[in-house]
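Down below is the structure, laid out as structure tokens.
Keep in mind that this is a model prediction, so the values were computed, not measured.
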Amino acid sequence: MFKDLDPLLHSQLRLAVMSLLLSVEEADFVFIKEKTNATAGNLSVQIDKLNEAGYISVRKFIDGKKPRTVCKITEVGIDAFDKYVKALQDYIKK
């Protein structure tokens, strides 16, 4: 039958973040915010959820006088994304 879709990736913003991170080595918060048109608060919450699941790694540091947050997709995240896409393809084929 149909495979369950990963509820963590089924969110539009989290899926957008994951898709974006697949195409770059890493991305900072401002870049992700601009590309997804998300609010800072909502994006921060969604990044925390992806980080807690191990789908992305988050590095926070001070660059000069500015705080920066940089995100990178993990192997676990790549695997979860691939499974999600395959599950969606199964829905489309049936």
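Summarising the geometry of Ala80 relative to Leu9, their closest heavy-atom pair is O-CD1, 3.6 Å, with the distance given to 0.1 Å. Residue Lys72 comes nearest to Glu25 through the heavy atom pair CG-O, 3.2 Å, listed as atom of the first residue, atom of the second, then distance.
Taking a 4.5 Å side-chain heavy-atom cut-off between Ile, Leu, Val, Met, Phe, Trp and Tyr, the cluster of Ile62 contains only that residue. The hydrophobic cluster around Val70 extends to Phe61, counting ILVMFWY residues whose side-chain heavy atoms fall within less than 4.5 Å of a member.
Between atom NZ of residue Lys86 and atom NZ of residue Lys93 there is a gap of 10.0 Å, rounded to the nearest 0.5 Å. Here the CD1-CG distance, from Ile32 to Leu13, works out to 9.5 Å after rounding to the nearest 0.5 Å. In this structure, CZ in Arg59 is found 7.5 Å from CZ in Arg68, a value given to the nearest 0.5 Å. Note that OG of Ser23 is 12.0 Å distant from CE of Met18, once rounded to the nearest 0.5 Å. Note that the CG atom of Asn42 and the CD1 atom of Ile47 stand 10.0 Å from one another [nearest 0.5 Å]. Residue Ile56 holds its CD1 atom at 10.5 Å from CD of Gln46, rounded to the nearest 0.5 Å.
Under 4.0 Å is where a charged nitrogen must lie from a carboxylate oxygen, and between Lys83 and Asp79 at least one such pair does.
There is a path of hydrophobic side-chain contacts, each under 4.5 Å, that joins Leu22 to Val76. The hydrophobic clustering, which links ILVMFWY residues whose side-chain heavy atoms are closer than 4.5 Å, places Tyr55 and Val45 apart. Under the 4.5 Å side-chain heavy-atom criterion for Ile, Leu, Val, Met, Phe, Trp and Tyr, Ile78 and Leu15 are members of the same hydrophobic cluster.
Side chain of Asp28 to main chain of Phe31: a donor-acceptor pair is present (N/O by atom type, distance under 3.5 Å, no hydrogens or angles). Checked by atom type and distance alone, the side chain of Thr74 never pairs as donor or acceptor with a backbone atom of Ser57 at under 3.5 Å. Between the side chain of Ser44 and the backbone N or O of Ala40 there is no donor-acceptor pair closer than 3.5 Å.
Taking the side chain as every heavy atom from C-beta outward, Leu21 and Leu50 never approach each other to under 4.5 Å. Under the 4.5 Å side-chain criterion, counting only non-hydrogen atoms from C-beta, Asp6 is not in contact with His10.
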